There are 2 protein chains.
Amino acid sequence: MTVELPTHGAAGARIAGEVREAILRGEHAPGSRIRQDDLAGRHGASRLPVREALRILEAEGLVTLVANTGAWVSRLSLAECEEMYQIRERLEPLLLRYSIPQLDAAAVGSLQALADAMERSGDVEEFLRLDREFHLASYRGAGTAVLGETVVRLWNRTHHYRRAFTRMIRLEGDRSVHYEHQLLVSAIRRHDLDEAERVLAGHIRRTRLELARHPEVFEN
Amino acid sequence: MTVELPTHGAAGARIAGEVREAILRGEHAPGSRIRQDDLAGRHGASRLPVREALRILEAEGLVTLVANTGAWVSRLSLAECEEMYQIRERLEPLLLRYSIPQLDAAAVGSLQALADAMERSGDVEEFLRLDREFHLASYRGAGTAVLGETVVRLWNRTHHYRRAFTRMIRLEGDRSVHYEHQLLVSAIRRHDLDEAERVLAGHIRRTRLELARHPEVFEN
DNA sequence: AACGCTTGAATTGAATCCAATCCTGCTCTA
DNA sequence: TAGAGCAGGATTGGATTCAATTCAAGCGTT
C-alpha cells in the first residue's frame, strides 16, 4: 500500500512553509529582498502560488509587502521586539500551565537533555536552535490551538533577531540563562505549576531587559 | 491639486479588508461557504486577487481553507473561544495600561458617551457594535503596533460569535456589564492604571465564565 | 559638477485559459 | 428499496500572457 502524494493541491501553503523554515534557519537576513521569480524557480512553481505564500507570511509578520514594489524579510525595531517579549511574558506561562500536566517522564527527560546540551553548545547557532526546541517542547502537552499558534508565531518573529542579540550577551559569559532552564525543568518535573509559571515569566522578562540594554542590535 | 487613486495596486489586500468588514458586520454567518467567483464578481476583480485575500483572512483565522474544496467562514468551538478570552484577559489589560496615559479629556468623554449609549441600546446588533467601538477606542492611545494588532485580531475572531452569545445573556437582564463599563471609564478618567487593569481583566474573565455556561451557542 | 528629465529594463499586478479535483445526482444491481 | 458505482457539471489550482508600475542609468541643461 502506497500513500499517494497529491500532485495538485495547495502549493501556496507548502511554499509558505518552506520559506518560513528557511527564514528561521537564518538563510534570509532581515531586510533582504525577496523576488517572486526567485521563489517560483526555487520551489518549482509559477509566481501565482508564490504570491499566496507571501500573503500568508505577511499576515504572520515575517515578510513585509509594498504594493507594486516588492517583498522584504521583515525587520524589527527595538520597540516592537520589546512588545513581543512582553506579550510572551504574559502568554507563555499560561501555555506552560496547560502543558505540564500532560508531560510524561520521557518528555521531561528530553527537556533535561536539551537543557544540558545547551550548556555544552559551542556556537550561537546551535544554542538558538536548542533553545527554541527546548521551550517549544515544553509546550507540547498543551492542547490549546489558538494559544499555541499565537506563541509559535511570536517565537518565529523574534527568532532571527535573537541571532544577533544572543551573540552579544553570550560574550559576557552570562550563565543565568542555563540556571533558569534548570529551575524550569525542575519545576516541570515536580508538576509545580505556580513555580514553573513564575520562573518562565522571569526568564522571558530578563531577556527583554537585556534587549533594552543593547539597542545597537536593531540599528542598520 | 488632486490626489490620484492608484488604479493598479494591491487588490488582494483591499478585498481582504472588505470581506473582513463584511464578516464583522455579520453578513456572512460562521460556517457559510465562500466562493471565489462570487467574491471576484462582487469586488470587481478576477479570482487571482481573491485567492490572495482568502490566504490573508485564513492567516487571521477568519476563514478556513481546504485544498481543492473551498473556503468557509471559520467556526469556533467553545474551547477555542474560551482560549481567546483567556488570551485577551492577559493582553488587553496590558494594552490598556499603554493607552491610558495618552487619552485626553475628549477621548474619555467619548468613552463615557459610548458606555451610556450602550445602556440605552435597543438591540443586540447595536450593543455589540458599540461595545467593540468602546473597548477598541479605549486602546487608541497605545502606540503598540504588535500588541494592538494581536488584540484586534482576537476581537475579530470572537466578534460574530458574541452575536449569538450576547443575545442569550441579555435575556437574563444582566446589568453587570454596564456597571463594569462605568467602573472602567472612571478608572481611566482618574488615570488609575492598576484599577483599570483589574477591572478590565475581571470584565473579560466574567464574560468567559458566562460563555462556558452556554455551550449550546456553539452547537449546530 | 550637480540637478532634473527621459527612456528602457526589471519587477510586480491582474486577467484569461486549461488541468485537476470534488461534489451531486443518476443509474444499475443485488 | 438501499447501496455502490459512475458520469457530468461545478469549483478550485496553476501556468501563461499581457499591462502597469517602479527603479536606475544615461543624457542634457544650468
Side-chain angles (χ1 to χ4, degrees), chain A residues 2-20 22-23 28-29 31-75 220, chain B residues 1-20 22-23 28-75 220:
Chain A
T2 60
V3 176
E4 288 292 326
L5 288 178
T7 60
H8 193 260
R14 175 179 61 82
I15 295 174
E18 291 169 7
V19 174
R20 187 188 301 116
I23 290 175
H28 301 289
S32 62
R33 178 144 190 198
I34 299 173
R35 286 202 169 72
Q36 297 181 358
D37 267 327
D38 224 39
L39 288 189
R42 208 195 307 276
H43 295 93
S46 78
R47 279 172 41 218
L48 194 148
V50 167
R51 285 173 57 179
E52 288 184 19
L54 290 177
R55 288 297 189 184
I56 294 171
L57 296 171
E58 183 193 29
E60 294 178 5
L62 288 175
V63 163
T64 302
L65 294 181
V66 179
N68 286 316
T69 305
W72 286 263
V73 180
S74 294
R75 290 181 187 283
N220 28 53
Chain B
M1 176 186 123
T2 61
V3 176
E4 287 293 326
L5 287 178
T7 59
H8 192 261
R14 175 179 61 82
I15 294 173
E18 291 170 6
V19 174
R20 186 188 302 116
I23 291 175
H28 301 288
S32 61
R33 177 143 191 199
I34 299 173
R35 286 202 169 73
Q36 297 180 359
D37 268 330
D38 230 37
L39 288 189
R42 209 196 305 276
H43 295 92
S46 80
R47 277 172 42 218
L48 193 148
V50 165
R51 284 170 57 181
E52 288 183 18
L54 290 176
R55 287 297 189 185
I56 294 172
L57 296 170
E58 183 193 29
E60 295 178 6
L62 288 175
V63 162
T64 302
L65 295 181
V66 179
N68 288 315
T69 306
W72 286 265
V73 179
S74 294
R75 290 181 187 283
N220 28 55

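Source: prediction; values computed, not measured.
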Q.
For a quick check, with a 4.0 angstrom heavy-atom cut-off, what is the B/S/- contact string for nucleotides 10-16 of chain D, read 5' to 3'?
A. -SBBBBB
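In this structure A/A67 satisfies the side-chain contact (heavy atoms from CB on, under 4.5 Å) test together with B/A10, sequence neighbours excluded.
Counting heavy atoms from C-beta on, the side chains of B/H43 and B/V19 come closer than 4.5 Å. Residues B/L54 and B/Q36 meet the side-chain proximity criterion, which asks for heavy atoms closer than 4.5 Å.
Of the charged side-chain nitrogens involved, at least one lies within less than 4.0 Å of a carboxylate oxygen, so that B/E60 and B/R20 count as a salt-bridged pair. B/E58 and B/R55 are joined by a salt bridge, as a carboxylate oxygen and a charged side-chain nitrogen come within less than 4.0 angstrom of each other.
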